[in-house]
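Data first, discussion second: the structure below is written as structure tokens.
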Amino acid sequence: QVQLVESGGGLVQAGGSLRLSCAASGGTFSMDTMGWFRQAPGKEREFVAAIGWTNSNTVYADYVKGRFTISRDKAKNTVDLQMNSLKPEDTAVYYCAVDLARWVSRIPASYEYWGQGTQVTVSS
């Protein structure tokens with residue numbers, strides 16, 4: 001059974017940094033796309049970043065580009081999201097997800113497996 005567990009969320013002041021981690025188990029994900037999404041209260045889940053089966057294939061949402069960096073360790077089945085220069089509008093629950101397709105998608109419905117999420121709160 002596939003399981004994704006996120007960690008690293010918390011409360012940080014604007015301009016600060018956080019590093020989220022996601023550990024995947026119950027499968028081999030080296031050929032799959034792994035992504036991060038977020039959902040703020042009253043809003044739809046939105047794409048943040050994703051990394052394809054070749055680690056050089058990374059995609060970012062415009063609103064995090066230049067501030068967030070996604071990376072993965074295929075040997076450990078983990079994917080991290082380094083978040084710098086955080087803004088209050090980055091406040092949300094952040095979810096890790098796996099898409100069994102090799103091409104990188106920004107669409108939540110493309111992802112087959114999801115974690116439970118970790119809260120990130122950025123104070124002004």
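- Residues Asn57 and Val104 are in side-chain contact: their nearest non-hydrogen atoms beyond the backbone lie under 4.5 Å apart.
- Between Asp90 and Lys87 no salt bridge is recorded (no basic side-chain N to carboxylate O distance below 4.0 Å).
- Tracing side-chain contacts under 4.5 Å through hydrophobic residues (I, L, V, M, F, W, Y), one never reaches Tyr113 starting from Phe47; they form parts of separate clusters.
- Taking CE of Met34 as the reference point, atom OG of Ser71 lies at 10.5 Å (rounded to 0.5 Å).
- At least one side-chain heavy atom of Val48 sits less than 4.5 Å from a side-chain heavy atom of Leu81.
- Taking CZ from Arg38 and CG from Leu20, the interatomic distance works out to 11.0 Å, rounded to the nearest 0.5 Å.
- Within the model, atoms CD of Glu6 and SG of Cys96 stand 5.5 Å from one another, a figure rounded to the nearest 0.5 Å.
- Neither Val120 nor Val5 shares a network with the other; the hydrophobic side chains, linked directly or stepwise wherever heavy atoms of I, L, V, M, F, W or Y lie under 4.5 Å apart, form separate groups for each.
- Note on ring orientation: taking the six-membered ring where Trp is involved, the planes of Tyr111 and Phe37 are perpendicular (angle over 60°, cut-offs 30° and 60°).
- Glu112 places a side-chain N or O within donor-acceptor distance of the main-chain N or O of Leu100, the cut-off being under 3.5 Å.
- The closest side-chain donor-acceptor pair between Gln82 and Asn84 falls under 3.5 angstrom.
- One finds no salt bridge joining Asp80 and Arg72 here, because no Lys/Arg side-chain nitrogen approaches an Asp/Glu carboxylate oxygen to under 4.0 Å.
- Closest of all the heavy-atom pairs between Leu4 and Ala24 is CD2-CB, 3.3 Å.
- Note: Thr58 OG1 to Ile51 CD1 = 6.5 Å, rounded to the nearest 0.5 Å.
- Within the model, atoms CZ of Arg67 and OG of Ser85 stand 7.0 Å from one another, a figure rounded to the nearest 0.5 Å.
- Between the side chain of Thr118 and the backbone N or O of Gly9 there is at least one donor-acceptor pair closer than 3.5 Å.
- Taken from CG in Asp99 to OG in Ser105, the straight-line distance is 6.0 Å, to the nearest 0.5 Å.
- Residues passing the side-chain hydrogen bond (donor to acceptor under 3.5 Å, both in side chains) test with Arg106: none are found, sequence neighbours excluded.
- One hydrophobic cluster, built from ILVMFWY side chains closer than 4.5 Å, cannot hold both Trp114 and Val2; they sit in different ones.
- Follow the hydrophobic side-chain contacts under 4.5 Å out from Val12 and you reach Tyr63 in the same cluster.
- Side chains of Leu86 and Leu18 form a contact here, defined as non-hydrogen atoms less than 4.5 Å apart.
- You'll find the side chain of Gln39 stays beyond 4.5 Å of the side chain of Tyr94, heavy atoms only.
- Residues Pro88 and Ala14 share a closest heavy-atom pair of CD-CB, 4.1 Å.
- The shortest heavy-atom contact between Thr33 and Ala50 is CG2-CB, 4.1 Å.
- Under a cutoff of 6.0 Å and an axis angle of 45°, Arg45 and Tyr95 form a cation-pi pair.
- Shown here is Gln116, whose CD atom has no more than 12 heavy atoms of other residues, nucleotides or ligands within 6.0 Å.
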